[in-house]
Amino acid sequence: MKHVKTLKTKKLSTTVKKGGQTSCCTVGNQS
Amino acid sequence: MIHQYRVNGESIVIDVSSGAIHVVDDITYELIEECDKLLQELEKNGSVDSESNKEGSKNPLWSKLDKEAICKTVMNRKEHFTDSKDITIDELFEAYDEIDTLVNNEELFTVDNYESNIIDYSKRPTVVKALCLHIAHDCNLACKYCFAGKGEYNGEKELMSFEVGRKAIDFLVENSKGRRNLEVDFFGGEPLMNFEVVKKIVDYARSIEKENDKNFRFTLTTNGVLLTEEIMDYLNDNMDNVVLSVDGRPEVHDRMRPFPKGAGSYDTVIDRFITFAKKRGQEKYYVRGTFTHNNLDFSKDVLHLANLGFKQISVEPVVAKDTDDYAIREEDLPILFEEYDSLAKEMVRRSGTEDEFNFFHYMIDLEGGPCVYKRLSGCGSGTEYLAVTPTGELFPCHQFVGDNDFYMGNVDSGLENLDLRDEFKSCNVYAKEECNNCFAKFYCSGGCAANAYNYSGSILGTYNIGCKLQKKRVEDAIYIKAATSK
């Protein structure tokens, strides 16, 4: 794309079927 | 929902529900802003077909937008948003087509379909995963911002006995059910004032790991006053993480972290911490500072620590009562926002050089990270994480210790206040209106229950200043990823 660069990210909707530590690491950096 | 912002010359668009992040040029930024405004108007006017977004997350209103009209609207105000006067309507059409591709790929203007999943998830049976052991309600410093009344615990000083520690470990093993990995934090006060009991508890936990199929991971927080090379070696052998309390520049540290008689503690601890961090190979630790109203230029404290060679750094806003003269105030926020932006810019500059370092609040895993259930269901305090006092009482986390309204039981009789546990269990992003409409909800998880309670009187409330700082940190963390991915 010429106008947009999309960063490589995990698509959150894919974790609904597959998903489901405590945090305070921060949740955004949790594995 | 989307969130778009500009920082340090980058124009960034976050698609909240999908997690997609786009770095865009000026005309695309303006087009997205115009589209977002129109989509919100359509939604307010009730144009959403309630059945249309049950499957997939593509925005059902997208097809109602008029490409030509939007591009012409943006064209008419091009003088306001770009240095280039040569933009043509065809370029705007081209940018719009790219936006259209993102929408069709479910990477922009996606709708949030997660709520029903999270409500069900919050009803699940939970296990205890981690304990914070208040191994010492006593301290050899008199830090002015300490939640324990300058380390004095209102005269109720107490050290945890091995017997209480052993029962706490047994409680964790029993209440963790089939979970294997368990975390234990040694906290205080100053844990090294009760170091022999720390060692006995670690030995006991290790001795029962195999028979119970458990793996303990330990953390210890220290102010460094009693730290020796011998203790460092023990901690390096036994602690998965250590937290070293230092606020930054000497005068900043000494102002808030004096000995009881008033002398500063910076010179006592700093060389020990430098040695300790080297011995740990510059990993699995944090130097952890607190900034207050007295040092709003906290980025200088972060860089002071980085320039001393520390690679894992966290400097965080103080948690204080409004009446404390060092509390962060609403009017401090513009200065703090500039500080966060400035720090992010410096971290980008240092990226890839030997001077780079990690900053706790900017650590964000865009390609991995947990599932949406975890992202939306809170930190785990009161359900998966509990604090244990020196006498064995249980509280939702270390910030609630001593508040009898939050007493949950003890290590002898176990959890008694199940209603309170269920109240914490219901803490999720959708239970808080402010969070539900916040772009940062998937990176923040609803914020700190203790801060919310102290600020609003309810664990389901929010802490306004904390929220604003958190949103800024998320913006800057994503900016760093964008700027360093080129």
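As the structure is a prediction and not an experimental result, all values here were calculated from the model. The sequence lines fix the lettering, A, B, ..., with proteins before strands; numbering per chain opens at 1.
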> Of the listed residues (B:Glu98, B:His361, B:Glu384, B:His22), which shares the most heavy-atom pairs with chain A below a 4.5 Å separation?
Replying inline: B:Glu98

> Of the listed residues (B:Ala95, B:Ser17, B:Gly380), which shares the most heavy-atom pairs with chain A below a 4.5 Å separation?
Replying inline: B:Ala95

> Rounded to the nearest 0.5 Å, how far does OG1 of A:Thr9 lie from NZ of B:Lys481?
Replying inline: 11.5 Å

> Roughly how far, to the nearest 0.5 Å, is the CE atom of A:Met1 from the CG atom of B:Asp25?
Replying inline: 12.0 Å

>> Contact between A:Thr6 and B:Leu102 at the side-chain level, heavy atoms closer than 4.5 Å - yes or no?
In response: yes

> Is there side-chain contact between B:Glu367 and A:Leu7, with at least one heavy-atom pair below 4.5 Å?
Replying inline: no

> Considering all heavy atoms of both residues, which atom of B:Cys371 and which atom of A:Gly20 are nearest to each other, and what is their separation?
Replying inline: SG-N, 3.4 Å

>> So which atom in A:Ser23 and which in B:Gly378 form the shortest heavy-atom distance, rounded to 0.1 Å?
In response: OG-O, 4.2 Å

> Given the rule in the side chain to side chain contact (heavy atoms under 4.5 Å, CB included) test, do B:Ser485 and A:Lys5 qualify, once you have shown the distances and angles that lead to the verdict?
Replying inline: CA-CA 10 Å; B:Ser485 68; A:Lys5 181 194 169 192; 2.8 Å; yes

> How would you list all residue pairs meeting side-chain hydrogen bond (donor to acceptor under 3.5 Å, both in side chains) that involve residues 88-97 of chain B, not counting sequence neighbours?
Replying inline: A:Lys2-B:Glu94, A:His3-B:Glu94, B:Lys67-B:Asp97

> Checking B:Val16 against chain A: side chain, backbone, both or neither under 4.5 Å from a heavy atom?
Replying inline: backbone

> Within the side chain of B:Tyr385, is there an N or O that forms a donor-acceptor pair under 3.5 Å with the backbone of A:Cys24?
Replying inline: no

>> How about NZ on A:Lys11, more than 12 heavy atoms from neighbouring residues, nucleotides or ligands closer than 6.0 Å, or not?
In response: yes

> Is there a donor-acceptor contact under 3.5 Å linking the side chains of B:Lys374 and A:Thr15?
Replying inline: no

